[in-house]
Enquirer: 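Here it is: the structure, laid out below.
Naming: A, B, ... by sequence-line order, numbering from 1 per chain.
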Amino acid sequence: MRLSSIKFILLTAMFLGSLLADGKPVSDDPSRDGWKTEVLSGEVSKQLQRISALLMQVHTVTPDQFDGLVLENFRTAPLRPALKVVYQDRMITVRRRTPVIDDEGILHHGGAALEQLRRPYMDGYVPRVELKVVGVKLAGAVFRTSVLVNLFGRTPEGTLEENGTWECEWLLQDGVAPLLVSLAVTEFEQVALASRNPTIFADCSEAVLGANACWSEQFSHSIAWWVQRIEFMQGIDVNGHFGIAVGDIDNDGLEDVYVAQGGGLPNRMLRHNPDGTVTDVSKAAGVDWMTGTSGVLLADFDNDGDQDLVAATLDGLLFNINDTIGGDGDDIGKFTRAALIETTDYMLSLAAADYDNDGDLDLFACGYFSEENRGKVAASPVPYFDAVNGGKNILLRNDTVGYRQASDTVGNERAPDWRFTDVTNSVGLDKGATRFAMAAAFEDYDNDGDQDLYVANDFGPNLLYRNDTDASGARHFTEVSAATGSRDRGFSMSAAWADVDHNGWMDLYVSNMYSAAGNRIVKQKEFVQDDPWLHEHMQYLARGNTLLYNHSGTFTDGSEAAGVMMGRWSWASPFCDINNDSWTDILVGNGYLTNDNSHDL
Amino acid sequence: MWRQVLSQSPRTAKQAKTPGFQAAVGEFDKMLSRGMSLSGRERNCAFLNLGGTLRRRSGSSTGGNRDVAGGGKGKIFANVSATSGFDFSDDARGVAPVDWDFDGDLDLWLVNRSGPQVRFLRNDSSIGSEQANNWVQFRLEGNGTTTNRDAIGARIEVIVREADAHSPNPKSEIRNSKLIKTLRAGEGYLSQHSKWLHVGLGSADQIEHVTVRWPGGDVEQFNAAVNHRYRLVQGTGQAKLWHPPPEPVKLVASVPEQQDSETNAAVFLADPLPLPIVQWQTFGGEAVALQDDGPVLVNLWASWCVPCVAELTAFSRHHRELDEMGLRIVALSVDGLGDHRGTPANAQELVKRLKLPFDTGMADRRLVEALDRLFDKIFQIHESLPVPTSVLLTADRRIVAIYKGTVSVDRLLEDLQYLDADPPQRRERLTPFAGRWITPPRLLPLSSLIIAFLDGEDLDYPLAYADLAIAEKTAMAGNGHTDWDVKLPDNLATLGQTLAAAGRLKEAEQMCRRAIAFEPKNAEANFALGEVMLLRNRITHASRQFQVTLRLHPAHVGANYRMGWLFMRRGHVDRAVNYFRNALRADPTHQLSLLDLAQILSTHWDPQYRDGREALKLAQSACAATAFVDAVALHTLAGAHAAVGTFAEAVRIAQDALIIAEQSEQNQLAEFIRGNLALFQAGRPYHQRKPERR
């Protein structure tokens, strides 16, 4: 979800600086707006921080450290339950708790319990520990919390990652911090990595990018830093939605990288060098566009054998033709501006495919805000969960004429006439086209030989458009999300396809929002208390990401069984087989706005 | 955010306008622009597919597409977020996998909002390649006529033979499995992956064949061996081996440095904004204002601020140079302004000690506030004015450069050369990097500055901006740009209303007339003039204005209400009620309409106009909207209760209303309530007295 819409709309009272110390401080104080569970959550979190600290300290945990933390007679079953192997390969071993819960097992008091959990890490480095409250229930003087537990650290064998859930009961007493009465470990999973590297991926950013000025001068700074230095009117977006495209621009066989940037910062073309580093060739390539850019693609739109560039900018969809083929030797890896299709709306992700199977690539652009024209006011999505007042999605049919055959040599007429026709309405993609779309991905989900389209909407349900030819032979998209079971409802930001279970049908992973705070709150009775239907509906919105299993063109929500819901405020969430075992894995890029003040709203 | 904003989530656009929701969003917006985080510092996640299929639970009766168990081992994916090394606490946005170093596994490019904005992550799962998993990679090429050259949309099926039966991990075996991939351009979010189709094969060591379904309909089969890369060219039937460059790729892992520590910023504005009033006080107590005299650097400093002292010293040392460039320096102390660290005496002493050769004095609160507001407008985020802060002004008092923190003399000298640059040149100077733009710089319509300054007590700035905005729009129209600053009439009307509320009725009237002159068909401007006329007691004229407004915008809430109010005063109940109902149809929460209509329905002398039940509903809405603390609303509610006969409630509520009226010293109202209270206690409703025949 992008709440920057609110920022653009409400140009209301900007208040005075701290220099004048004027006015009341704006606060996010739950005790002021009457949410008792949030206050208690805060107090429990403080206690959990003490437990984290105990887990991370180097010396033995002593009984007195539990004063004011747990009840004197507190006992718990082992915090690391008995485990069995559920997956093993050369590098990775995954263990989970055995299904049988041992009633007559050992009961530890606080100190012994923590010692048992810490033990594997004590010969390596102290682990990183995170304990987060994700569910609460108040029952008189007893406060129950669900806590997500995460440990990560090194051991002599490699690294260890442990994720679990604790169901805790706390006793509430006036004027005293909540005391832990009981703790049950309901979920526990351990991943052990046997490798001389601490993790599967290693950050080699500096090595790859470091020789370029843009690395230290542009990329190393956050957008939060840049918005303090570039006028808003020139298109720098504090929300930081700038995309990336991989493609070989100079036909040397090595794919290069194009990085989009906000207004006032040039988009960067990074040429892939044979030694694995990159060189910034933006200016020479002619694609150092300063206009704020969101989605970008590198693809061969004129079928001449080189990668053209299309960018969704604040001034419209900008096409750049690659001159490598058909130009002279000096034009390798260079682009000429070909066409600008103006859009009044603010567009986000782009996806190209040949929707009409006529041999050339067409372009789909997600419309997010309508009339996002600096100085004008963008429409705020209302209602949040079912808005239809967003920017309009666009399907552009490629009608570029004058294709050159691959065999054409230098000297023939260059730069065919680049023309794209807006066919959104005529193919039926105007249905549901204004639901604040963030992402789209083409796939032949019904295995019938044409490209269907899934659109992930921020403020409304997602839509699946099935591509068919009608009786007259014309292409038409029919919206079938409800009929196929793919109508995911959350605030969606990403759409990815892969065959996750090897059944020959492409499955879908959609990223949404999972919020610990949100999850705690949407389940409380105070939340939209006068509207039970809305209350129910809103619970869905904080639930997390969705994995939809496809079988014969019908989808089943397998998110819970798969265990892939907890992505937090998720953005790009691609499929990727990271360990080459043929079973496709999932990556989730997340995090919305990190500013100086780290207290989470 | 969850508590305040979404918990008051409106279902309709109308509901979105309710004061409660707007207030919640406004507060939230403030918090965000103040630099609070929202879902910040979240660690990226990674889930490892443990293999397996989703099996339906037999006899599932729920019917819906809900998930079911995956068979005995628990969840199908394991959380490997930390193990993967992908779990940065960045504000991640795009992710693009590509085998960058050609070692047979997928590396990642990431783009973030936080720094560093770009990351490259090398996949090390193929390291130590004894028993590394197998893979194969394909780059497809369509014929460029019936199939697009890139072969986007192609579907490949890789059929692998049964692997060694003694494989240590049954899960990574694939027995005659069909592995399918589709080539896409654009997926995930804002991302495009590599066009090489990468297929992990686990321990499978033989590929039966690869089938390619080309977009356009052709189907072709190729042969391939594991751990190789192939180009598959449509129509050739022959997979062409492809070799990566021979250079070894040796990249060293490291932790990129965070670079946001630099807090100084020199911002040369592409769009210089006016600062019409610059006033300060000399140490002698004399008030001074900037007139139109050459470029000026207004510098804000404090005696306790060490960098300020250094900066002032530098200015002093280079004063002649700067003076020769025509620059006047005005260095104003903020000592004592809203903070206890310094006093004007400290400031004066420092000036003496440093022997500063240029103008100095004490900054006034108003100037600092003005700069604060302008900065908020320019950067659309709020941050406190740092100390020092400087602004470089042209002769006509437009801000061309903002210096947050200290500014070097060198930078000043450079910027002075660009004072008269045109907007594209200025824009080049704004950003630290060169590049190409698509359109000329966007400029902020000046009337928006009227609004930015309207909520203070001081109307001088809004009035000054109004003059500037009007002059600018007139000039633009003269040059043929007739659609410049389309909001000017609305904003002038708002200013008019504010002037009226401040009792400056003559100016208010002038302002509204100017708005109407620009756009005669502007409903808000016409309405605003009507309100002013009302305040000036020119009822007929006011009425005419409201009628004009309604012709332009029949559902205008304010105009409908006013017409209702005017008719009510004249005793034309039918028409009054009609207008009030119109207003409420457009905005069911319009407080004044609710109250006035409720009054009529409860208390009109003629019973045919009374409807106690409806009055009760309306009054309850009005009270709820003011959280039951508004005396007038409560009093109206009491009257409505009396009208339906629930006198006990009437009495109780009237008593509450009375207390509130007394506490807020609304004496006339309190008197009136007292009178009514007596009636309610006697079990009688209040009715207006029937007017005597004239």
Side-chain angles (χ1 to χ4, degrees), chain A residues 14 17-18 20-21 86-87 94 152 161 163 199 201-202 204-208 219-220 222 225 229 232 240 243-245 264 266 274 276 288 290 299-300 303 315 351-352 382 441 485 494 501 521 558 560-563 568-569 572 574 577 580-583 586 588-589 591-592 594-595 597 601, chain B residues 1-2 16 35-36 38-40 42 45 47 49-51 53-54 65 67 70 73 75-76 78-79 82-83 85 91-92 94-95 111 113-115 117 119-122 133 144 149 172 185-190 192 200 202 245 247 249 251 253-254 259-260 265 338 376 380 384-385 431 435 438:
Chain A
M14 286 297 188
S18 69
L20 301 172
V86 297
Y87 176 93
V94 180
F152 178 63
E161 171 174 10
N163 287 292
T199 53
F201 288 97
C204 297
S205 314
E206 180 90 47
V208 170
F219 292 145
S220 68
S222 67
W225 191 87
R229 290 158 173 77
F232 168 75
I244 183 168
D288 52 345
M290 302 286 268
D300 192 355
N303 280 346
D315 290 327
V382 170
S494 164
D501 54 354
I521 285 163
E560 273 190 62
R568 306 202 185 87
W569 201 311
D577 184 358
N580 275 348
D581 68 350
S582 85
W583 298 92
I586 292 173
V588 179
Y592 183 26
T594 299
N595 289 322
N597 183 331
L601 280 173
Chain B
M1 187 225 22
W2 288 92
M36 294 191 82
L38 176 56
S39 276
E42 289 184 344
C45 299
F47 299 107
N49 189 341
L50 305 183
T53 58
L54 190 70
N65 282 328
D67 52 85
K73 296 186 179 160
K75 312 227 187 238
I76 301 174
N79 186 344
T83 309
D91 295 338
V95 179
V111 282
R113 172 193 179 267
S114 45
Q117 288 186 53
R119 283 198 201 265
F120 171 77
L121 304 183
R122 184 190 63 212
N133 282 331
R149 271 305 270 276
S172 80
E187 56 195 297
Y189 176 63
L190 290 180
Q192 180 182 20
E247 281 97 325
V249 175
L251 301 169
S254 65
Q259 288 287 354
D260 282 359
D376 285 350
Q380 287 284 309
S384 333
L385 231 44
T431 70
I438 299 175

Enquirer: Can you tell me if B:E187 uses its side chain to pair, donor with acceptor, with the backbone of A:A441 under 3.5 Å?
Expert: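 No: the side chain of B:E187 does not pair with the backbone of A:A441.
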
Enquirer: Which one of B:V249, B:I438, B:L121 has the most heavy-atom pairs closer than 4.5 Å to chain A?
Expert: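 Greatest number of close heavy-atom pairs with chain A: B:I438.
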
Enquirer: Under the rule for side chain to side chain donor-acceptor pair (under 3.5 Å), what residues qualify as partners of A:S222, not counting sequence neighbours?
Expert: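 Side chain to side chain donor-acceptor pair (under 3.5 Å) check on A:S222 returns B:D260.
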
Enquirer: Any sub-3.5 Å donor-acceptor pair from B:D91's side-chain atoms to B:S114's backbone N or O?
Expert: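 Such a contact is absent between B:D91 side chain and B:S114 backbone.
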
Enquirer: Among the options B:G188, B:G94, B:G186, pick out the one with the most heavy-atom pairs lying under 4.5 Å from chain A.
Expert: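 Greatest number of close heavy-atom pairs with chain A: B:G188.
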
Enquirer: Would you confirm whether A:E161, through its side chain, and B:T83, through its main-chain N or O, come within 3.5 Å as a donor-acceptor pair?
Expert: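 Between the backbone of B:T83 and the side chain of A:E161 there is a qualifying donor-acceptor contact (under 3.5 Å).
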
Enquirer: Is A:D300 in contact with chain B via its backbone, its side chain, both, or neither, using a 4.5 Å heavy-atom distance?
Expert: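 Contact with chain B is through both the backbone and side chain of A:D300.
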
Enquirer: Scan side-chain atoms only and decide if B:S254 and A:E206 contain a donor-acceptor pair under the 3.5 Å cut-off.
Expert: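 Absent: no donor and acceptor within the cut-off.
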
Enquirer: How would you list, by chain and number, every residue that makes a salt bridge (charged side-chain N to carboxylate O under 4.0 Å, His left out) with B:R119, sequence neighbours excluded?
Expert: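 Once residues adjacent in sequence are excluded, the partners of B:R119 under the salt bridge (charged side-chain N to carboxylate O under 4.0 Å, His left out) criterion are A:D203, B:D90.
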
Enquirer: Quick check on the interface: out of B:K75, B:R122, B:R113, who has the most heavy-atom pairs with chain A under 4.5 Å?
Expert: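 Winner by heavy-atom pair count: B:R113.
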
Enquirer: Out of A:V94, A:T199, A:V588, return the one with the most heavy atom pairs under 4.5 angstrom to chain B.
Expert: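 Among A:V94, A:T199, A:V588, the one with the most close pairs to chain B is A:V588.
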
Enquirer: Out of A:V208, A:D577, A:N163, A:N580, which one racks up the most heavy-atom pairs below 4.5 Å with chain B?
Expert: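 Option with the top pair count is A:N580.
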
Enquirer: Could you verify whether a donor N or O on one side chain and an acceptor N or O on the other, from A:Y87 and B:N49, lie under 3.5 Å apart?
Expert: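 Checked: A:Y87/B:N49 side chains show no N/O donor-acceptor pair below 3.5 Å.
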
Enquirer: Mind ranking A:A207, A:A572, A:G240 by heavy-atom pairs under 4.5 Å with chain B and telling me who comes out on top?
Expert: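 Maximum pair count with chain B is reached by A:A572.
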
Enquirer: Please rank B:G85, B:P245, B:A92 by heavy-atom pairs under 4.5 Å with chain A and give me the top one.
Expert: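 Result: the option with the highest number of such pairs is B:A92.
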
Enquirer: Sort out for me which of B:A82, B:A253, B:G435 touches chain A most, counting heavy-atom pairs under 4.5 Å.
Expert: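 It is B:A82.
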
